[in-house]
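Written below as structure tokens is the structure these notes are about.
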Amino acid sequence: MPEIKVTPLGAGQDVGRSCILVSIAGKNVMLDCGMHMGYNDDRRFPDFSYITQNGRLTDFLDCVIISHFHLDHCGALPYFSEMVGYDGPIYMTHPTKAICPILLEDYRKITVDKKGETNFFTSQMIKDCMKKVVAVHLHQTVQVDEELEIKAYYAGHVLGAAMFQIKVGCESVVYTGDYNMTPDRHLGAAWIDKCRPDLLITESTYATTIRDSKRCRERDFLKKVHETVERGGKVLIPVFALGRAQELCILLETFWERMNLKAPIYFSTGLTEKANHYYKLFITWTNQKIRKTFVQRNMFEFKHIKAFDRAFADNPGPMVVFATPGMLHAGQSLQIFRKWAGNEKNMVIMPGYCVQGTVGHKILSGQRKLEMEGRQILEVKMQVEYMSFSAHADAKGIMQLIRQAEPRNVLLVHGEAKKMEFLKQKIEQEFHVNCYMPANGETTTIFTNPSIPVDISLGLLKRETAIGLLPDVKKPKLMHGTLIMKDNSFRLVSPEQALKELGLAEHQLRFTCRVHIQDPRKEHETVLRVYNHLKGVLKDYSVQHLPDGSITVESILIQATAHSEDQGTKVLLVSWTYQDEELGSYLTSLLKKGLPQGTS
Amino acid sequence: FFQYCLSGHPTLPCNVLKFKSTTIMLDCGLDMTSTLNFLPLPLVQSPRLSKLPGWVLKDGSTFLDKELKECSGHVFVDSVPEFCLPETELLDLSTVDVILISNYHCMMALPYITEYTGFTGTVYATEPTVQIGRLLMEELVNSIERVPKAQSASMWKNKEVQRLLPAPLKDAVEVSMWRKCYTMPEVNAALSKIQLVGYSQKIELFGAVQVTPLSSGYALGSSNWIIQSHYEKVSYVSGSSLLTTHPQPMDQASLKNSDVLILTGLTQIPTANPDGMVGEFCSNLAMTVRNGGNVLVPCYPSGVIYDLLECLYQYIDSAGLSNVPFYFISPVANSSLEFSQIFAEWLCHNKQTKVYLPEPPFPHAELIQTNKLKHYPSIHGDFSNDFKQPCVVFTGHPSLRFGDVVHFMELWGKSSLNTVIFTEPDFSYLDALAPYQPLAMKCVYCPIDTRLNFIQVSKLLKEVQVMNFCC
């Protein structure tokens, strides 16, 4: 049986380091190539030695697909392609291709320049890696080679995020990456057609959550920010430079405008301007409302939000600061956090998911005394709030996507094992499909039922189409023939040809049936009555009365004899071959109804 | 396999293909050359136009002098301009299953088809095609609706009367089928029937046929179409270009091994080399401005104008034109300039890489920023305050029958210092100028048509190895 094999090297029962290997019809595809925010050692990158111990990876992979620009989906890419060695194609959408190298460079700087690590990828490696990238359009069918094709669908989540369909022949897999089923202030909702893949690999970050309406969360967020600013506190919002940040900026900008607030809002790092510029140039990837109005008013030109300078953190009075990165694991957000943590008037709002091991995760799980570098203990007195603004689908959204795509199997990645278990049961109950959740390094095998092409002989095709009406391409047609399975090929030929080819003698299967008819007349008169009756009913068939007293309807033979005991009953012998089963059984049931009165 | 041709215009095709029990309309171009028979619609009362004498028949009868006016030996209809629609009698258009659009110039008849023929199918086009097509339609509707005309001439259309008229009115065909412009509600209704597609997207039609758009290299989002069943492949090549301008290059490889290749929209001026024409355009422009004259460039609000602005961007400093104002006047000027910058994925490689930096793909962003290029929705309002001469004005419509261009023709036509430069190849420039004669203004004809010429076609045909070829 043909099969699809899936092995997560990362994101198996875990969030972070997304990297999933898929083998489908002899093709090997790697989905995402991410890093893990929670580790600083070898575990931060996927273990590529699983693919091969020695030699380059190019020989073992047909292509690599990157779903979006978040580092847990593309952070290991330069390491993979330049340090381990891969020269094949890497596919991503245009916005991802534009933004990905900038985030990689940022990541490299923090790791090498700030933490002083060596043996890390260089700027040149990022550039060389990006040269291997092929940009794809939404819905474009990209032919990777003769058999393997991929197609991108809109995923929401962040600018340029895509779901990918991987197809070989009639077997297919859909990989969602991260997605969002509800439109937000700057992006649209994920969408896929009813493509019925053999397997849907979906993220499950919020597998057990059903989130209340976005409006409530937004109101809550604004209320908290407003209250803190009113009492003179400072608000820190750790974000990633691109994505949620833009949504929250739009939200605060309109709120400040409406409430006429004066407290300054800052956005850290030089990326701001640049990031907003990307949003302006790739506006076709945002939601419909922004796209429609961008000529009159570009939503990414902010009036109230200014660039942040490090010195501002010590300024007195209230302020709101968006700082990167989003999980408080390094960089400017962590610096500001350390400065402000001691004051209970201040507040930190975590708008997204935090990976285990990060400061963000620690404070969200209630830890109030943190051990920092150099054994320093940092006491957290500021308020810590969590607001789920990260654009992942919740349980409802995941179910909705499954309903849209109608997969035959579902596989969960990018989530926590316990939550996955719950969602897995729910999916199996509701959709009656198998659901898998392999751990990292564990292989899941799924059997598929591909359709098998059969060659039909031209002679048979001509003969069969000659019967009946002209073929109509919009309707199926029934055909008779013999299927020969030989030498790994399937052929449909006429029975005569099959017999000849295989050297078999023909056997005939005949059915004979007796039908009793009450008719006191002479045998030949009965025959005549039957003949006239059949001729009247079967106008389109050739009905003949033969000199020997029998009747034929096409190839079906009918003979009449008197009943040996009862001369008033005549016995009709109806005989037909297996090929004429349909007409034969019709005739018997017709004759069983008896002859109409008054036929002579 | 059957093909019907519903348009007589070589670059604005409208074909219907019957293939595997599906009926597919390929493009629906609108022939606007019919408007050349009408008097221009002036934005400001024009004494010259209103004083034109009515036309009198040879026998002296004057019953047509309200409808027909005479100008320098030519006769024009004094009425709202009308367009020549694709043929609608040849077959029942309600049976059309889908319409495939190849570029934004070839969809201008869409509202007439989708709103008046009982059409219930789907239209397929790329996103830039739809967005820019909408701008072209908006400009067209706007420029006709804002000059309401009291009379609508119809007497001249009577077959008996038409016979008596001078050429070319006498020879105009099917004048009874000519229609007034559609309205914005009709445009919106038509555009709502369009489904957006991307290059190389495979679209299944009833499981019988698969259609796929491919880049054609002619305009933003322009496409050729492959229409195939399991065993047959038809390629529809319309408005394609092998030159490197702003759009993504033409995808030739995917056309290989077609059973039938339908080819339309070839260049109408094969002798004019586009590069040479651009050079001539620049030098004529510079010469006029240096002599203190104004330059008028009648154009569409999207397309070649992007390339012209890019050339001027590189040319103006070296030619000492840095202080000359460039004006782009159209109700959709702003939208067109903004839209051009957001379709990076549909642009040539060089422009795509700019977006990765991130920088706007077209240099006209810089021309606007440095105040060298200014755009206005019309000559009324801000423009009249900012207007400085000598200057260069880009405005529509290229037929010179409606839009802001009419005003500038009336304003600048009397002085030989000024120049009008024709770059759009769709209209004969002599016919376009006829109602403005006698004219002192200089006229330069620099048609820029990047579509395939015959040499390129024969090379293309050799490369893609087609079995049959329709033209």
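Numbered from 1 within each chain, the chains take letters A, B, ... in sequence-line order. Side chains included, hydrogens not; waters and symmetry mates left out as well; all remaining heavy atoms used.
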Any donor-acceptor pair under 3.5 Å linking the side chain of A:Thr141 with the backbone of B:Ser200? yes
Of all the residues in residues 124-134 of chain A, which have a heavy atom that comes within less than 4.5 Å of a heavy atom in chain B? none
For the residue pair B:Phe339 and A:Phe294, establish whether any side-chain heavy-atom pair is separated by less than 4.5 Å. yes
Would you mind listing every side chain to side chain donor-acceptor pair (under 3.5 Å) that reaches into residues 283-302 of chain A, with sequence neighbours excluded? A:Lys280-A:Glu301, A:Trp285-B:Glu345
Which atoms of B:Gln248 are under 4.5 Å from chain A, going by heavy atoms: the side chain, the backbone, both sets, or neither? side chain
I'd like to check B:Lys202 versus A:Glu149 (side-chain heavy atoms, cut-off strictly below 4.5 Å). Are they in contact? yes
Please round to the nearest 0.5 Å and tell me the distance separating atom NE2 of A:His137 and atom OH of B:Tyr199. 7.5 Å
Could you tell me whether the side chain of A:Leu281 reaches within less than 4.5 Å of the side chain of B:Ile342, counting heavy atoms only? no
Interface residues of residues 347-364 of chain B facing chain A - heavy atom cut-off under 4.5 Å: B:Gln352, B:Val355, B:Tyr356, B:Leu357, B:Pro358, B:Glu359, B:Pro360, B:Pro361
Determine which residues belonging to residues 214-227 of chain B lie within contact range of chain A, meaning some heavy atom pair is under 4.5 Å apart, and list them by number or answer 'none'. none
Within a reach of under 6.0 Å around NZ of A:Lys167, are more than 12 heavy atoms found that belong to other residues, nucleotides or ligands? no
Hey, which of B:Ser229, B:Ser335, B:Pro213, B:Gly198 has the most heavy atom pairs under 4.5 Å with chain A? B:Ser335
